[in-house]
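The block underneath contains the structure these notes are about, expressed in structure tokens.
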Amino acid sequence: MLLQANMLRKMPSSRGFRKNSVRSTPHGHNEGAFRLDAVRGLAYIYYIAPWISVCHRGFHVTNMALLTNKQPTILASQKISQTATVFQQCISPACKATYSVDEIRVACDKCGDLLDVVYQWDRLRVPGSLDEFEKKWQRRHEPHCFSGVWRFHDLLPFVPVDQCITIGEGQTLLHPSDGAGQFVGMKPGRLLLQYEGMNPSGSFKDNGMSAAFTHARFVGATRAACASTGNTSASLALYCSVTSLMKAVIFIGSGKISYGKLSQALDYGALTVQINGDFDDAMARVKEVTQELGIYLVNSVNPFRLEGQKTIMFRVLEALRWEVPDWIVVPGGNLGNSSAFGKAFHELKELGLIDRIPRLAVINAAGANTLYQLVEKQGLRWNDGKPQMATVENYFDEMDRQGRRASTIASAIEINRPVNLNKCIRSLQWCDGVVREVDDQEILDAKARVGAGGLGCEPASAASVAGAKKLVAEGVIEPDERVVCILTGHQLKDPTATVAYHTTDQEQFNKVLGSRGVRRAAFANRAVAVPNELDEIIKAIRLYS
Ligand code: F0G
């Protein structure tokens, strides 16, 4: 484990690792931590799903992952060129400070802005066309070809593929849904739903977590932490428990996380820190705590997380046989997805792998609508890297003055201070994007229509469908355009909201939904109460079926 030893020299034993970490330009990376001696001794860890069954467009892991160790086969010369071609860089064009890929950072030291993972593509092997990735399907017995993230490794090559950690993430489905399409106002076949709830932990987070986890291991981390509205924590806890490679520490706002998600973190054995506050409070705290204790932070401020989330778009293109859709519609919370999607398309276009970029619609919940307010109401723009930061600062000052807190039934996106704001507005520029807000009523009605078509979703995910409906009604989206809505989390994540929508119990409805301004359940599928008598049961079935 020489690599780890080298890495750990740069990691603090207890605190302040960011100060200790070595800073270098991308061209100075060769003496960085990817040392050749290290490579030789590195345990090559990956996970094999031993039993796989074919589904219509890919494969499902149907059994527990199995850990194996094996020596790396990578050649020394490949290692050096890999190192020199990837680095982290401040997204601000006025700053552009660079940092080595083996540093642990969530912000630029010089100016405090967010960081990107940047590749020198001309020095990397990139496929000549996207359909080259189809060759990976024939090698799906190999874990990194099976993974819906790592089969696109050529487009996120920040560490060599044999050091990438997978638990079988990204076996997700792009599904045409005419039921939801009709609800949205689309012509048949034009609305497609990307079911990210099919990931191992039940949400899109596994795409990013496999990448952040890979980077965390790469730099020798032994503990990883996040603040979460539930899905990031479930995903981190799962990666830690399946691999036993790291310990998970999760921060959640008290009473702010649905039971499905909380149950996952507890079951998977994460250290769960429940703080008195909401996600925004937890996020601020986890940044402090991770810096203080030298714990690796896996929230989407971590640029490596977003590299993994780019692959959601690669899979959408793959399912469309590499045709670019007209629109991608995605819920917006901490704005990691929208940031990652924009970067994915921007890079594909730069590489000449696509000829146009789809438009992006980011949908806020009305009770957590910072992005909507700033972009659509106050005109905030990326402006080629010169966003009006005074507008942002005033907005947050005013929010604090009024004591405004995020509040929506879509608890996953109940966030008022999105950490990826700047990257998201950059994506909006790249993708000619728009932002909309939808209220809890609109979210739950959309969720019911998605669920009625099968493979349902959690409330936050349905914001994308509700947002698409709004954009069609406004004439921004045309009914015959090809629209992909991202369903970010599984239907079983939040049964409380679902059951309250369908219930006949007015008290329960009022308690869970009425308190949030939801007045009706137009698409409810109500349970039929019958006495436990054969005749009555038969009568009821005849009457209702
Ligand atoms: N949908 C679901 C189901 C989510 O869990 C989240 C974020 C989002 C959408 C928003 O995505 O942050 O990329 O804009 N959940 C985070 C969490 C905050 O902690 O699980 P984003």
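In each ligand, atom 1 is the first atom listed, and ligand 1 is the first ligand listed.
Judged by distance alone, the side chains of Thr172 and Gln194 do bring a donor and an acceptor atom under 3.5 Å apart. For Asp440 and Thr408, the side-chain atoms include at least one donor-acceptor pair closer than 3.5 Å. Of the N and O atoms on the side chains of Glu169 and Asn199, not one donor lies less than 3.5 Å from an acceptor on the other residue.
Contacts of Glu458 with ligand 1, taken as heavy-atom pairs under 4.0 Å, involve the side chain alone. Heavy atoms of Ile415 found under 4.0 angstrom from ligand 1 belong exclusively to the side chain.
No donor-acceptor pair closer than 3.5 Å links the side chain of Ser254 to the backbone N or O of Asn276.
In this structure the side chain of Val476 reaches within 4.5 angstrom of the side chain of Arg436, judged on heavy atoms.
Taking atom 2 (C) of ligand 1 as the reference point, the nearest protein heavy-atom neighbour is Thr488 OG1, 3.3 Å. Of the protein's non-hydrogen atoms, Ala412 CB, 3.4 Å is the one closest to atom 4 (C) of ligand 1. The protein atom (non-hydrogen) at minimum distance from atom 18 (C) of ligand 1 is Thr229 OG1, 3.5 Å. Of the protein's non-hydrogen atoms, the one nearest atom 5 (O) of ligand 1 is Asn231 ND2, 2.8 Å. What sits closest to atom 6 (C) of ligand 1 on the protein, heavy atoms only, is Phe204 CE2, 3.7 Å. Residue, atom and distance of the protein heavy atom nearest to atom 12 (O) of ligand 1 are Asn334 N, 2.8 Å. Closest to atom 20 (O) of ligand 1 among all protein heavy atoms lies Thr232 N, 2.8 Å. In terms of protein heavy atoms, atom 8 (C) of ligand 1 is closest to Ile413 CG2, 3.5 Å.
For atom 7 (C) of ligand 1, the choice among Gln309, Lys205, Glu196 with the nearest heavy atom turns out to be Lys205. Between atom 14 (O) of ligand 1 and the options Ala368, Ala282, Gly333, the minimum heavy-atom separation is to Gly333.
Within the model, atoms NZ of Lys247 and CG of Leu271 stand 10.5 Å from one another, a figure rounded to the nearest 0.5 Å.
At least one N or O atom of Asn337, backbone or side chain, sits closer than 3.5 Å to an N or O atom of ligand 1. Note: no N/O pair closer than 3.5 Å links Gly332 and ligand 1 by distance alone.
A salt bridge is absent between Asp278 and Arg417; no separation between the charged side-chain nitrogens and carboxylate oxygens falls under 4.0 Å.
Under the ring-ring contact (aromatic ring centres under 6.0 Å, His included) criterion, Tyr372 pairs with no residue, sequence neighbours left out.
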